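Reading through the structure tokens given below for one structure.
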There are 2 protein chains.
Amino acid sequence: MASTKTGAQGGRRRPTVADVAREAGVSVATAGRALGDYGRVGDALRDQVRAAAARLDYSPNGVARSMRSGGTRTIGFVGVDISNPYFATAMRGICDVARKEGYEAILANSDDRLDIERAAVKVLLEKQIEGIVVAPNAVIDVGHLQRAQELGVPVVLLDRHSGVLDADSVVIDNEAAAREAVSHLLRLGHRRIGMLLCVDPSESPELLRRAGTGRLEVHGAARPSIDRIRGYVAAMDQYGAPTAAELIRYTVVGEAAHLEREAEALLDLPEPPTAVFAADNVATQGLFTAVRGRGLGIPDDISMVGFDDLDWTTLVDPPLTVVAQSPMDMGRIAAERLFARIKGDDSPGERIILPTELIVRSSAAGRDAVHTV
Amino acid sequence: MASTKTGAQGGRRRPTVADVAREAGVSVATAGRALGDYGRVGDALRDQVRAAAARLDYSPNGVARSMRSGGTRTIGFVGVDISNPYFATAMRGICDVARKEGYEAILANSDDRLDIERAAVKVLLEKQIEGIVVAPNAVIDVGHLQRAQELGVPVVLLDRHSGVLDADSVVIDNEAAAREAVSHLLRLGHRRIGMLLCVDPSESPELLRRAGTGRLEVHGAARPSIDRIRGYVAAMDQYGAPTAAELIRYTVVGEAAHLEREAEALLDLPEPPTAVFAADNVATQGLFTAVRGRGLGIPDDISMVGFDDLDWTTLVDPPLTVVAQSPMDMGRIAAERLFARIKGDDSPGERIILPTELIVRSSAAGRDAVHTV
DNA sequence: CCCCCTTGTGAGAACGTTCTCTCGGAGTGA
DNA sequence: TCACTCCGAGAGAACGTTCTCACAAGGGGG
């Protein structure tokens, strides 16, 4: 005997305000007022209606309410990949703020693909969400986000900034963060410094090559990967260390295996780097694994600085020197900006830059002068 | 001059089917049919309507659609904490399946608090979601979940099973997994084996103590923590190793600092254990940190087996022997069950047990016979 | 030639809530 | 006592979509 409760069929018709009104012996209008706390209702009738509602186990229909009053009390978050701790933590921050405001959050993963992001935004708009936090894949091709704004749905950018879109963005100063990390290595005496990172698929190798040689100009300061390369180049230039295309290795997101191969390619260079800057958390893990696989000692054989202060960076031996940021704060602040917009703030889009911190631990050490080129 | 697009005010009225109909010079009914692909429309008029819709940049109002047709094409996931990689990965699995089905997912964090979970379920029901995946805090006090089922909203349990609720659940065999882990240590010759874990706040110490001595009887095989303790006790008994309350240390979730203290207490015992089983990923990290902090060698001074095969467990030295499960599969399978229910399957609730695997690496080693008690 | 069936279209109801409008009655001040 | 205000209550519209029903035109078969 199959339970009728387990599946979907068994849904008894849910009581409506009309049912409650009938039960309480009042009009629909009065029942609505008593339940919804609007308008004026007499105390006696209010209690009567409330009792009837309790008796019927009445629960309001949010869809109908949204239909009538326009607000869905729902926001959307379009992240790259929730299984990445960075976005998971950001989502946590967003949810916390949303809950405080009495909102819920719908999650969508874009996998760093613009078409998926576009489709997700479209669906979210159809669902009449009241705002979107998005980690955008493209910083120029933002028509779908502009459309959201035109429809009155505020957009807040997380992790990436767009020079084209007039929206709030919550970011870190990627260039400065990378510069600080690389400068740290340079000050320790390293001159031949490699860089390892993930880029998103839309990034052309050509673009990256130009970035690597410092001759990149992207409209309105763009995506983290490019900015971090810029910071790397700037630091190298400042200390008079030669840069070379062969020193910057990358792979597209989602292909961690390739990344490890790139790391190995770096180590196999005829003249291998004495230190490597891993510019994101995936690269940090890939580099660490590759170095370990080669049986190289950190920092004795090679120094490294990673990105993102994930739990494990203090668990490994040696604990890693990393650039730390706070995705939880990012999510929280992005959501706070979003709710300010939802409440009516229409000041020009603001670029909020959250601090990063170079946490010096033990994976980067000084280089003897004799070894320096 | 503030942009009117950034904030919320600037929302121009969105075009409706009526607007499209007027633009195309047809009736609302015909426009609706042409846009919604239902009923019969002439080819000429269909194109005419589509063109008009494109001209107006029409996008359907999902709330109105849901209102009329009942379905919101939205499901909910009530997890404990999305910033925990376990739930983040599960959420990823859920989202993937949902997307394939043309659904979106709303996320709520319960922080392992029953009141928050209850409130979340209530809100989700008001929002008329079509199904819920939940990692429930309580396995007996499930009235809110039963209510969902009665309203025709299917519920699938993730990570935990309830003997009371007739719902699908996707779990691992926690007792067997723990038994396997502890047996591994026992076979290596260890006899004095500690256990470290997190429990949720609703778990009384009294209950735990009884679990520790193997005299626990919980209605319908309950929560992971209890089951894992049971598995520990079973293995110890099987090998004739004495158990003792002092060997099982725990803390409530969300208090990682306390956890490390408990780990240290374990190490400071007059007669310290020669091996420890950390029964969840937080405990694994806490134990590893504490052992490291004491300058003890793994596995020379103390052996350990962890739980959950997080990335970092292969990055540390030595790589950790762990019990691995697949939260991604869990999420995916839970969502698949949910959609089967949504589509009408009303067979009795099924308990799906996913396999776990003891991944033997290098954190547990043999114990010389002479040292054995 | 008429009837019936098919096809294409329009009018209007329905979903469940909120909100505006109206109205009766009670209370108050002149 | 009358006019006015204020409060509580009900009737009904509105939100935007889908869906049922009715109807008109056209074609084919008897």
Side-chain angles (χ1 to χ4, degrees), chain A residues 11-50 52-53 56-74 123 125-130 151-152, chain B residues 11-50 52-53 56-74 123 125-130 151-152:
Chain A
R12 58 157 205 254
R13 203 181 71 79
R14 309 189 187 186
T16 70
V17 195
D19 296 321
V20 175
R22 202 174 312 119
E23 171 83 11
V26 299
S27 71
V28 177
T30 303
R33 278 190 283 258
L35 294 170
D37 260 339
Y38 56 91
R40 315 212 146 267
V41 208
D43 291 342
L45 277 197
R46 176 178 3 252
D47 293 348
Q48 202 170 316
V49 170
R50 295 259 171 96
L56 297 179
D57 194 21
Y58 167 79
S59 135
N61 182 326
V63 171
R65 174 177 292 165
S66 295
M67 170 96 214
R68 169 68 224 201
S69 29
T72 51
R73 302 198 81 75
T74 307
V123 172
L125 289 177
E126 288 186 5
K127 284 200 193 301
Q128 312 290 111
I129 51 145
E130 296 182 39
L151 292 172
Chain B
R12 57 156 204 254
R13 203 182 70 82
R14 308 190 189 186
T16 71
V17 196
D19 296 320
V20 175
R22 202 174 313 118
E23 170 83 11
V26 299
S27 72
V28 176
T30 303
R33 278 190 284 257
L35 293 171
D37 260 337
Y38 56 89
R40 313 212 147 269
V41 209
D43 291 342
L45 276 197
R46 178 184 353 259
D47 293 349
Q48 202 169 315
V49 170
R50 296 260 170 96
L56 297 179
D57 194 23
Y58 168 80
S59 135
N61 183 326
V63 171
R65 174 178 292 165
S66 296
M67 170 96 218
R68 169 69 221 204
S69 31
T72 51
R73 303 198 80 74
T74 307
V123 172
L125 288 177
E126 288 185 7
K127 285 200 191 302
Q128 311 291 111
I129 50 146
E130 296 182 40
L151 292 173

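Side chains included, hydrogens not; waters and symmetry mates left out as well; all remaining heavy atoms used. Bear in mind the structure is a predicted one, so any value in this text is a computation, not a measurement. We name chains A, B, ... by the order of the sequence lines, and we start the count at 1 in each one.
Of the candidate nucleotides D:dG10, C:dG16, C:dT17, C:dG16 has the atom nearest to the side chain of B:M67. For A:S27, counting side-chain heavy atoms from C-beta on, the closest listed nucleotide (D:dG10, C:dG8, D:dG16) is D:dG10. Here the side chain of A:A29 is nearest to one of D:dG12, C:dG8, C:dT17, namely D:dG12. Closest contact between the side chain of A:R33 and the listed nucleotides D:dG10, C:dT18, D:dT18 involves D:dG10. Checked against D:dG16, C:dT17, D:dT18, the side chain of A:A64 finds its nearest nucleotide in C:dT17.
Using a 4.0 Å cut-off between charged nitrogen and carboxylate oxygen, A:R50 and A:D47 do not count as a salt-bridge pair. The pair B:R22-B:D19 meets the salt-bridge criterion, with a side-chain N (NZ, NE, NH1 or NH2) lying under 4.0 Å from an Asp/Glu carboxylate O.
Side chain of A:K127 to backbone of B:N61: no donor-acceptor contact under 3.5 angstrom is found. Distance alone, capped at 3.5 Å, places no donor-acceptor pair between the B:S66 side chain and the B:A64 backbone. No donor-acceptor distance shorter than 3.5 angstrom exists from the side chain of A:T30 to the backbone of A:V28, with no hydrogens or angles considered.
Distance B:L45 CG to D:dA25 C1': 15 Å, rounded to the nearest Å. Atom CZ in A:R73 sits about 15 Å away from atom C1' in C:dT18, given to the nearest Å. Rounded to whole Å, atom P of D:dG8 lies 9 Å from atom CZ of A:R46. As a whole-Å value, the separation of B:E126 CD from C:dG16 P is 15 Å. One interatomic measurement links the two molecules: CZ of A:R22 to P of C:dT17, which rounds to 12 Å at whole-angstrom precision. Whole-Å rounding puts the B:Y38 OH to C:dG10 P distance at 13 Å. Taking atom CZ of residue A:R40 and atom P of nucleotide C:dA26, one finds them 19 Å apart after rounding to whole Å. When the C1' atom of D:dG16 is taken as reference, atom CG of B:L56 falls 15 Å away, rounded to whole Å.
Nearer to the 5' terminus of DNA chain C, by closest-nucleotide assignment, is the contact made by B:D43 (compared with the other of B:S69 and B:D43).
As judged by a 4.0 angstrom heavy-atom cut-off over every strand, B:G42 is placed among residues touching the sugar-phosphate backbone only. B:R65 comes within 4.0 angstrom of the backbone, heavy atoms only, and of no base. Among the atoms of the strands shown, only primed sugar atoms or phosphate atoms (P, OP1, OP2) are found under 4.0 Å from some heavy atom of B:V41.
Residue A:Y58 has a polar side-chain atom (N or O) positioned under 4.0 Å from OP1 or OP2 of C:dT17. Phosphate proximity of D:dG10 to A:T30: present, with a side-chain N or O under 4.0 Å from OP1 or OP2.
A donor-acceptor contact under 3.5 angstrom links the side-chain atoms of B:R68 to the base of D:dT18.
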